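Note sheet for the following structure.
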Amino acid sequence: THTCGELRADGAGATVRLSGWVHRKRDHGNLLFIDLRDHYGLTQCVIEASSPLFAEVERARPESVITVTGKIERRSADTVNPELPTGEIEIRIAEYTLESEAEVLPIQVAGEAEFPEELRLRYRFLDLRRDKVHANIILRNKVIQSIRRRMIDSGFMEFQTPILTASSHEGARDFLV
């Protein structure tokens, strides 16, 4: 029903359904917190140990794709995360579906750990999900959009011609048309 970056405190009490990657899990004994991530942001989800779904939710590995349904609840003043746009709320998990289970990861997506370039290139599909790389992709898109918009506003036209060869810096084979 929503993306992981759009929910706010004014929606408290509403029931929502979110899908995304398990970014991070934190077990606090009787509570399990899952940071659910999609392209648009992060939302914290919570489930109590007394819930019949707890064992199933607890098995979800980082980067598994899940869908959760639950009510939006305001966080207490001492648990608000001002670093996140969704930091004033959390989703109380009432329904849970594991859409796609991830294997143990060769590189972690969450966090700022550095990995050798060879490893990052081998697992490029994971590296592209990391915060810094994802932010760079978004920035590049915005810069190109801005340039394109300004050129069109100035009367330029864009023509595309077929590319006969395309090389990849990642070492993929050349594709010939």
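On a predicted model such as this, the values are computed, not experimentally measured, just so you know. Below, all heavy atoms of this structure are taken into account, side chains as well, without hydrogens, waters or symmetry copies.
- If you take CD1 on I34 and CD1 on I66, they are separated by 4.5 Å, rounding to the nearest 0.5 Å.
- L139 and L128 fall into different hydrophobic clusters, where Ile, Leu, Val, Met, Phe, Trp and Tyr are joined by side-chain heavy atoms under 4.5 Å apart, directly or via other members.
- Atom CZ of R129 is surrounded by more than 12 heavy atoms from other residues, nucleotides or ligands within 6.0 Å.
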Q. Salt bridge (Lys or Arg N to Asp or Glu O under 4.0 Å) between R92 and E48: does it pass, once the steps are laid out?
A. CA-CA 9 Å; R92 182 73 54 172; E48 295 176 349; 3.1 Å; yes
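- Rounded to the nearest 0.5 Å, atoms CG (L18) and OG1 (T1) are 6.0 Å apart.
- Using a 4.5 Å heavy-atom threshold, the side chains of V109 and P62 count as separate.
- Side chains of R140 and I137 form no contact here, defined as non-hydrogen atoms less than 4.5 Å apart.
- To the nearest 0.5 Å, atom CG of residue L36 and atom SG of residue C4 are 4.0 Å apart.
- Side-chain atoms of R150 and S154 include no donor-acceptor pair closer than 3.5 Å.
- Counting only heavy atoms from C-beta outward, the side chains of E63 and Q108 never approach each other to under 4.5 Å.
- Summarising the geometry, atom CG belonging to L84 is positioned 6.5 Å from atom CZ belonging to R75; distances are rounded to the nearest 0.5 Å.
- Residue V143 is grouped with residue F156 when hydrophobic side chains (ILVMFWY) are merged at heavy-atom distances under 4.5 angstrom, including chains of intermediate members.
- No more than 12 heavy atoms of other residues, nucleotides or ligands shown are found within 6.0 angstrom of CD on E118.
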Q. Where do H23 and D131 land on the side chain to side chain contact (heavy atoms under 4.5 Å, CB included) test, with the steps shown first?
A. CA-CA 11 Å; H23 187 68; D131 288 337; 4.2 Å; yes
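- Of all heavy-atom pairs between A49 and G29, the closest is CB-O, 4.2 Å.
- Residue pairs satisfying the ring pair (Phe, Tyr, Trp, His ring centres under 6.0 Å) criterion with at least one member in residues 99-154, sequence neighbours excluded, are listed as follows: H39-H134.
- Of all the heavy atoms in R26 and D35, the pair that sits closest is NH1-OD2, 2.9 Å.
- The closest side-chain heavy-atom distance from V133 to R120 is below 4.5 Å.
- Electrostatic pairing of D127 and R130 counts as a salt bridge here, judged by a charged N lying under 4.0 Å from a carboxylate O.
- Between the side chain of D38 and the backbone N or O of T3, no donor-acceptor pair lies under 3.5 Å.
- No side-chain heavy atom of Y40 sits less than 4.5 Å from a side-chain heavy atom of E6.
- With contacts defined as side-chain heavy-atom distances shorter than 4.5 Å, the pair E56/I47 does not qualify.
- For the atom pair CD (E90) and CG (L7), the distance works out to 12.0 Å, reported to the nearest 0.5 Å.
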Q.
Let's go through I91 and K71 carefully: what are the C-alpha distance in whole Å and the side-chain angles of both, what is the deciding distance for side chain to side chain contact (heavy atoms under 4.5 Å, CB included) to 0.1 Å, and is it a yes or a no?
A. CA-CA 6 Å; I91 305 301; K71 287 194 186 260; over 6 Å; no
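- In this structure, the side chains of I89 and R8 stay at 4.5 Å or more apart for every pair of heavy atoms.
- Annotation: side chain of P106 is in contact with side chain of L126 (closest heavy-atom distance under 4.5 Å).
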Q) Given R61 and E103, is the salt bridge (Lys or Arg N to Asp or Glu O under 4.0 Å) satisfied, shown in steps? A) CA-CA 7 Å; R61 289 190 189 111; E103 296 179 8; over 6 Å; no
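- Nearest heavy-atom pair, Y96 versus L53, reported as atom, atom and distance to 0.1 Å: N-CD1, 4.0 Å.
- To the nearest 0.5 Å, atom NE2 of residue H2 and atom OG1 of residue T43 are 10.0 Å apart.
- Taking a 4.5 Å side-chain heavy-atom cut-off between Ile, Leu, Val, Met, Phe, Trp and Tyr, the cluster of V65 extends to W21.
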**Q.** Evaluation steps, salt bridge (Lys or Arg N to Asp or Glu O under 4.0 Å), between R17 and E95
**A.** CA-CA 9 Å; R17 175 172 283 155; E95 295 176 30; 3.4 Å; yes
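- Remark: side-chain polar atoms of S64 are paired, donor with acceptor, to backbone N or O of A102 under 3.5 angstrom.
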